There are 2 protein chains.
Amino acid sequence: MENLQNILVVDDEETICEVLKLNLEIAGFNVDVANSAEEALALNMECYSLILLDVMMGKMSGFELAGIIRSTERLKDIPIIICTAKDSEDDLVEGFSRGVDDYIKKPFSMRELVLRVKSVLRRAAGKGEASTLKYKTLTLDVVGKSCSMGCKRIPLTKKEFEILHLFLSYPGRIFSREEILNRVWDDDVLVIDRTIDVNINRLRRKLGEYGNNIMTKLGYGYGFQQ
Amino acid sequence: MENLQNILVVDDEETICEVLKLNLEIAGFNVDVANSAEEALALNMECYSLILLDVMMGKMSGFELAGIIRSTERLKDIPIIICTAKDSEDDLVEGFSRGVDDYIKKPFSMRELVLRVKSVLRRAAGKGEASTLKYKTLTLDVVGKSCSMGCKRIPLTKKEFEILHLFLSYPGRIFSREEILNRVWDDDVLVIDRTIDVNINRLRRKLGEYGNNIMTKLGYGYGFQQ
DNA sequence: GAAATTTGTTATACATTTGTAACATTAACG
DNA sequence: CGTTAATGTTACAAATGTATAACAAATTTC
């Protein structure tokens with residue numbers, strides 16, 4: 001088993017670490033654990049393909065550790081995923097300014113985590129290759145959270161962006177309103193189905209000619225048609 | 001009926017068990033019930049494709065049973081879904097650490113349950129999300145909810161799609177009108193048998209030459225002939 | 001904390017799907 | 001053959017699903 005990729009998990013909660021480790025191992029990764037930023041720094045981090053950081057930790061926060069990693073020459077290209085309790089804008093800004101590659105909000109499913117990890121690794125392997133999703137001249141910059149058609153920028157709101165992100169991640173697939181709700185809206189909010197229709201409508205308009213690629217499948221839901 | 005997948009439901013509440021059993025059977029599964037973890041252990045669990053566990057049960061909890069299943073060599077790959085009253089972090093952590101595949105919070109709708117069950121089974125089957133059913137040039141894109149003959153798209157309505165989906169899932173099998181009703185129509189709707197005939201007719205027409213593959217077995221029902 | 005933006009809801013118009021009834025056709029069987 | 005039962009076909013009404021606009025509420029921004 002040569003090809004196993006090493007992942008470092010840094011979190012001060014033992015149980016969380018164990019869960020993460022177990023699930024990532026099941027997904028085929030080799031996982032090491034550090035229970036604090038300091039403990040992580042004591043390791044030779046060079047060997048990891050990806051580092052998974054919790055924001056909230058004892059002395060040094062995940063952000064700080066991310067900053068250190070990014071400013072260390074031999075570590076600066078290692079992808080970092082931050083686990084954050086809430087996705088406050090502040091966190092996002094702080095994270096991006098420190099070069100974090102992806103976020104995952106707690107509580108997250110293990111399935112989702114594994115998907116993100118794989119996605120980030122894929123991106124890293126191709127060197128920025130797939131940090132964007134494309135269809136013809138339509139480009140979605142997943143990291144920069146922006147959208148453009150050719151040279152023209154299309155300002156999307158968060159919901160619009162997330163919906164398009166979901167659709168372009170699985171072109172051709174039809175998502176039920178329930179699925180869209182689960183993946184775009186927070187778990188605790190309660191919105192009616194019509195809300196999705198309205199957001200789809202707004203997105204369609206902003207996408208101009210590409211708006212027609214967002215198809216309605218009567219009785220099923222919506223999706224992006226290639 | 002070879003292809004029926006077996007599901008084991010373990011719950012100490014008789015009524016819950018009955019409801020689950022009924023609904024899963026309608027969804028096309030074969031369901032056995034155990035009223036306690038101990039009772040479940042007495043069964044030969046090897047034959048089940050999925051085990052649905054309640055957390056709260058008399059002596060042994062669902063988690064404990066999950067732990068036992070996971071640590072038993074010949075059972076350890078069977079997918080497990082846990083039904084939990086509360087979604088406390090603790091429960092989630094405990095569950096994932098024992099290798100549970102999915103959660104469902106009470107109270108849940110039967111529709112949701114069936115969706116989760118199918119999703120977990122699909123995952124377990126190893127074939128990701130993408131799946132199509134084919135017969136010659138006829139292709140049914142199950143995730144895209146679309147149908148095509150060669151390059152030509154055949155727009156199907158939801159009912160038409162669902163009927164064809166059912167038929168192509170078990171080519172050669174004849175479905176009684178009652179079976180078709182149970183699998184294609186929602187539980188609470190009440191339609192007459194002739195409705196199915198009409199929908200079959202519509203489907204046949206849209207399928208053109210393949211329409212002839214939908215055969216009528218007089219006095220029994222309909223099916224797709226390979 | 002006021003203005004601007006985003007997001008959710010409601011209401012209405014519109015389009016499609018679906019169910020049913022009525023009648024036509026076909027198969028089974030004496 | 002002719003009768004009966006089952007299924008095929010058609011047309012239309014009813015039910016359902018979706019698009020859109022307008023407004024209200026929430027959130028963000030300055």
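Letters go in sequence order (proteins before strands), and every chain restarts at 1. The structure displayed is predicted, hence computed values, not measured ones.
- Although no hydrogens or angles enter the test, the distance criterion places a donor-acceptor pair under 3.5 Å between the side chain of B:Glu179 and the main chain of B:Ser176.
- Residue A:Arg194 places no side-chain atom within donor-acceptor reach of the base of D:dG17, judged by atom type and a 3.5 Å distance cut-off alone.
- For the pair A:Tyr220 OH and D:dG17 C1', the interatomic distance rounds to 14 Å; values are reported in whole Å.
- Side-chain N/O atoms of B:Thr216 include none lying less than 4.0 angstrom from OP1 or OP2 on D:dT7.
- No option in B:Tyr210, B:Tyr135, B:Phe161, B:Phe175 other than B:Phe175 meets the ring-ring contact (aromatic ring centres under 6.0 Å, His included) test with B:Phe167.
- Look at B:Asn201 and you'll find a side-chain N or O under 4.0 angstrom from OP1 or OP2 of D:dT9.
- Look at NZ on A:Lys217: it is 16 Å from C1' on C:dA15, rounded to the nearest Å.
- Put simply, CG on B:Asp186 is 14 Å from C1' on D:dG17, counting in whole angstrom units.
- Comparing D:dT18, D:dT10, D:dT7 against the side chain of A:Tyr222 picks out D:dT18 as the nearest.
- Counting only heavy atoms from C-beta on, A:Thr157 has its side chain closest to C:dT6 among D:dA19, C:dT6, D:dT7.
- Residue B:Ile196 contributes atom CD1, which lies 17 Å from atom P of D:dT9 at whole-angstrom precision.
- C:dG19 atom P lies 14 Å from atom CG of B:Leu203, rounded to whole Å.
- Residue A:Leu190 is classed as a sugar-phosphate contact, given heavy-atom separations below 4.0 Å to backbone atoms only.
- As a whole-Å value, the separation of B:Leu156 CG from C:dT16 C1' is 14 Å.
- In the interface, the side chain of A:Arg202 is paired with the base of C:dG8 through a donor and an acceptor atom under 3.5 Å apart.
- Atoms CG (B:Asp193) and P (C:dG19) sit 12 Å apart, rounded to a whole Å.
- One side chain, B:Tyr222 or B:Arg177, offers a donor N or O that lies under 3.5 Å from an acceptor on the other.
- In this structure, of C:dA27, C:dT9, C:dT17, it is C:dT17 that holds the atom nearest to the side chain of A:Leu218.
- The environment of A:Glu39 atom CD is dense: over 12 non-hydrogen atoms of other residues, nucleotides or ligands sit within 6.0 angstrom.
- Taking only side-chain atoms of A:Asp197, from C-beta outward, the nucleotide of D:dA21, D:dT18, D:dT7 with the closest atom is D:dT18.
- For the OP1/OP2 pair of D:dT18 and a distance below 4.0 Å, the side-chain nitrogens and oxygens of A:Arg177 include at least one atom meeting the criterion.
- As judged by a 4.0 angstrom heavy-atom cut-off over every strand, A:Ile200 is placed among residues making no nucleic acid contact.
- One can place CD1 of B:Ile180 at 11 Å from P of D:dT7, the figure rounded to the nearest angstrom.
- Relative to the side chain of B:Trp185, the nucleotides C:dT7, D:dG8, C:dT18 differ in distance, and C:dT18 lies closest.
- Side chain of A:Lys158, nearest nucleotide from D:dA19, C:dT9, C:dT7: C:dT7.
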Exercise. Start with the C-alpha distance between B:Glu160 and B:Lys206, add both sets of side-chain angles, then the distance that settles salt bridge (Lys or Arg N to Asp or Glu O under 4.0 Å), and finish with yes or no.
Key: CA-CA 9 Å; B:Glu160 287 156 7; B:Lys206 289 195 184 177; 2.8 Å; yes

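- Residue B:His165 comes nearest to B:Val142 through the heavy atom pair NE2-CG1, 3.7 Å, listed as atom of the first residue, atom of the second, then distance.
- A sub-4.0 Å separation between OP1 or OP2 of C:dT7 and a side-chain N or O of A:Asn199 is absent.
- When distances are taken from the side chain of B:Arg204 to each of D:dG8, D:dT9, C:dT9, the shortest belongs to D:dG8.
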